Amino acid sequence: MGYDPANPMADRITDIGPPHYSKFHPPVVAKNKGKWLWHEITQPGVLVHKAESGDECWTVRVGAARLISTELIYEMCDIADAHCDGFLRFTTRNNVEFMVDDKAKVQPLLDDLASRGNKFPVGGTGAGVTNIVHTQGWVHCHTPATDASGVVKAVMDELFDYFTSMKLPAQVRIALACCLNMCGAVHASDIAILGVHRKPPMIDHSRITGVCELPLAISACPLGAVKPAKATVDGKEIKTVKVNNERCMFCGNCYTMCPAMPLADPDGDGIAILVGGKVSNARSAPKFSKLVIPFLPNTPPRWPETVAAVKNILETYAGDAKKYERIGEWAERIGWEKFFEKCNIPFTIKSVDDYRLAYDTWRTTTQFKYTNAIK
Ligand code: HEM
Ligand code: HEM
Ligand code: SF4
Ligand code: SF4
């Protein structure tokens with residue numbers, strides 16, 4: 001029976017979990033699961049996996065915008081129906097993979113994809129730039145300091161050649177988060193684009209008592225900048241909070257807890273760039289990314305300053321790093337003072353940690369290289 005609003009618990013289905021993934025395995029994957037011998041990248045965007053049985057699974061990886069219409073999903077399904085027995089998959093970076101069980105089926109699939117304009121660019125494998133893990137931005141979230149889809153499109157347009165080729169020293173993961181909740185991967189990516197505020201919250205005393213649990217707003221602040229206070233609204237004394245602006249570093253956590261403390265601002269808000277993070281354990285341990293550019297303005301629709309900054313870091317790295325070296329490994333080997341010098345990025349005090357455990361990030365050695373990057 002259809003949903004009955006008068007009787008919401010009738011025929012309610014719950015706690016059934018996702019369907020089991022094995023229902024969606026292409027036959028060649030179902031048959032050879034757990035018995036793969038080796039794999040190879042035969043060209044950018046195309047992989048082959050060889051199984052013990054001798055079977056081969058050919059995978060074609062295509063870029064996707066992540067935010068997509070049902071029409072585009074239907075079109076992907078049409079492609080999967082035509083070439084892949086109706087099967088396809090999405091990757092952990094929101095690329096799409098079409099799999100076929102015979103080398104002879106690869107070229108017809110590539111031709112079909114190419115015939116659809118630039119909707120399904122093939123690439124994202126090996127030592128290149130793959131898809132940008134990103135967030136909601138101005139499309140859906142209420143706490144962003146920048147947009148996600150817009151910045152990602154602008155950056156991928158500029159770096160498109162790196163998506164369809166494998167000519168970097170190692171893979172470069174770019175991620176974006178539109179506020180420092182950091183939904184996704186910015187804290188552990190080679191290049192991270194992060195939305196930041198630069199002004200403290202405004203306090204709407206007329207609404208705050210009705211919409212906020214004041215102790216939550218107070219305890220949301222990492223710096224103890226929010227204190228209980230009283231204010232007079234329409235001649236009546238009410239409970240509210242006050243913010244010590246000198247202590248506030250504009251994280252926006254208090255707004256997440258309390259809708260009466262908004263801080264988004266068109267001139268104050270913008271983008272910070274972090275670099276050098278990674279999540280794999282290959283060679284070196286996983287790393288957090290580090291702040292190298294504290295602020296770039298929000299300049300929709302193409303964010304030229306951000307695009308140029310990302311491209312500059314990527315290409316300086318590409319020209320200087322050794323094979324297999326991730327951006328963070330390169331920066332640590334040459335020294336961060338040389339990273340700033342080679343990338344021609346002015347070092348600012350904003351990159352000097354001043355939060356609680358900051359001491360360990362300062363230099364407790366006489367080992368350093370002279371550099372012209374610190375003005
Ligand atoms: C108070 C903090 C947060 C708020 C207010 C928030 C809000 C949101 C909202 C509104 C959405 C969109 C939901 C939808 O489209 O239906 C979303 C999606 C998401 N959030 Fe958060 N979020 C928060 C923290 C986080 C954190 C800390 C993480 C990760 C550690 C995270 C990961 C995600 C992911 C993965 C998605 C789905 C993105 C996608 O559409 O692919 N969120 N969040
Ligand atoms: C055994 C468990 C896991 C496996 C096998 C795994 C595997 C992977 C792989 C292969 C990638 C790279 C995909 C690509 O770039 O094409 C990836 C990326 C990522 N994974 Fe996982 N993952 C695991 C658990 C987790 C967990 C628990 C988290 C979060 C708490 C996580 C968060 C991420 C993020 C943020 C990325 C993107 C970062 C980057 O590519 O640099 N993963 N994972
Ligand atoms: S990063 Fe911040 S602004 Fe962006 S989706 Fe997550 S919570 Fe919202
Ligand atoms: S924006 Fe962050 S630092 Fe500033 S008062 Fe709110 S919680 Fe504290």
Side-chain angles (χ1 to χ4, degrees), residues 65-68 92-94 131-155 173-189 191-205 207-208 211-229 231 239-274 277 288-289 291 294-296 298 300 303 306 350 353-358:
R66 189 183 68 92
L67 190 70
I68 53 179
T92 58
R93 301 188 71 89
N94 293 295
N131 212 349
I132 300 182
V133 167
H134 63 281
T135 49
Q136 314 293 312
W138 298 329
V139 173
H140 209 145
C141 193
H142 63 296
T143 64
T146 188
D147 189 36
S149 299
V151 186
V152 164
K153 166 69 172 151
V155 172
R173 301 298 188 228
I174 305 178
L176 176 147
C178 32
C179 87
L180 38 66
N181 273 343
M182 299 195 176
C183 308
V186 285
H187 60 297
S189 293
I191 302 179
I193 304 167
L194 179 63
V196 291
H197 303 286
R198 293 185 302 168
K199 299 186 184 180
M202 298 161 279
I203 304 173
D204 184 349
H205 296 300
R207 290 178 65 232
I208 194 162
V211 297
C212 304
E213 291 284 359
L214 299 183
L216 288 184
I218 293 161
S219 56
C221 184
L223 295 172
V226 186
K227 291 240 157 61
K239 288 183 185 162
T240 181
V241 296
K242 65 180 173 204
V243 171
N244 179 350
N245 289 349
E246 294 302 310
R247 280 193 88 86
C248 173
M249 42 71 160
F250 332 120
C251 68
N253 276 350
C254 51
Y255 175 57
T256 299
M257 288 297 138
C258 173
M261 300 178 74
L263 77 167
D265 180 89
D267 303 315
D269 295 355
I271 282 172
I273 304 285
L274 294 81
F288 285 127
S289 26
L291 180 83
F295 185 78
L296 297 165
N298 267 332
W303 279 269
T306 297
K350 302 286 184 196
D353 196 347
D354 57 0
Y355 187 70
R356 291 187 187 182
L357 305 176

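By convention here, the first residue in the shown sequence is residue 1. Atoms within each ligand, like the ligands themselves, are counted from 1 in listed order. All values derive from a computational prediction rather than experimental measurement.
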Which atoms form the tightest heavy-atom contact between [X] and [Y], and what is the distance?
| X | Y | result |
| --- | --- | --- |
| Ser189 | Ala185 | OG-O, 2.6 Å |
| His134 | Ala148 | CD2-CB, 4.0 Å |
| Ala177 | Met182 | CB-CA, 3.7 Å |
| Pro222 | Arg356 | O-NH2, 3.4 Å |

State the atoms of ligand 3, each with its element, that fall below the 4.0 Å cut-off from a heavy-atom position in [X].
| X | value |
| --- | --- |
| Pro144 | 3 (S) |
| Thr143 | 2 (Fe), 3 (S), 7 (S), 8 (Fe) |
| Gln136 | 5 (S) |
| Cys179 | 1 (S), 2 (Fe), 3 (S), 4 (Fe), 7 (S) |
| Cys141 | 3 (S), 5 (S), 7 (S), 8 (Fe) |
| Cys183 | 1 (S), 6 (Fe), 7 (S) |

**Fill in**
Rounded to the nearest 0.5 angstrom, the SG-CG distance for Cys251 and Asn181 is 9.0 Å
**Asked** Is the distance from atom 2 (Fe) of ligand 3 to the nearest N/O/S atom of Cys178 under 2.8 Å?
**Response**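 No N, O or S atom of Cys178 is closer than 2.8 Å to atom 2 (Fe) of ligand 3, so no.
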**Reference residue Asn94; test side-chain contact (heavy atoms from CB on, under 4.5 Å); the match among Asn131, Ile68, Val133** =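 One option only clears the test, and that one is Asn131.
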**Message:** At a cut-off of 2.8 Å, what protein N/O/S atoms sit near atom 6 (Fe) of ligand 4?
**Reply:** Cys254 SG
**Request:** Any salt bridge (Lys or Arg N to Asp or Glu O under 4.0 Å) involving residues 240-257? Give me the pairs, sequence neighbours left out, ordered by first then second residue.
**Result:** none
**Request:** Run the numbers on Thr306 and Ile273 for side chain to side chain contact (heavy atoms under 4.5 Å, CB included), then give the verdict.
**Result:** CA-CA 8 Å; Thr306 297; Ile273 304 285; 4.3 Å; yes
**Asked** Can you tell me if the gamma sulfurs of Cys212 and Cys258 fall under 2.5 Å?
**Response**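 Yes; the two sulfurs sit under 2.5 Å apart.
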**Prompt:** Quick one: does ligand 3 sit under 4.0 Å from the side chain of Thr135, the backbone, both or neither, non-hydrogen atoms only?
**Reply:**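 It is the side chain that touches ligand 3; the backbone stays farther off.
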**Message:** Taking Phe295's backbone N and O only, do any of them form a donor-acceptor pair with Arg198's side chain (distance below 3.5 Å, no angle check)?
**Reply:**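 Such a contact is absent between Arg198 side chain and Phe295 backbone.
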**Heavy-atom nearest neighbour in the protein, as seen from atom 3 (S) of ligand 4, with distance rounded to 0.1 Å** = Met249 N, 3.4 Å
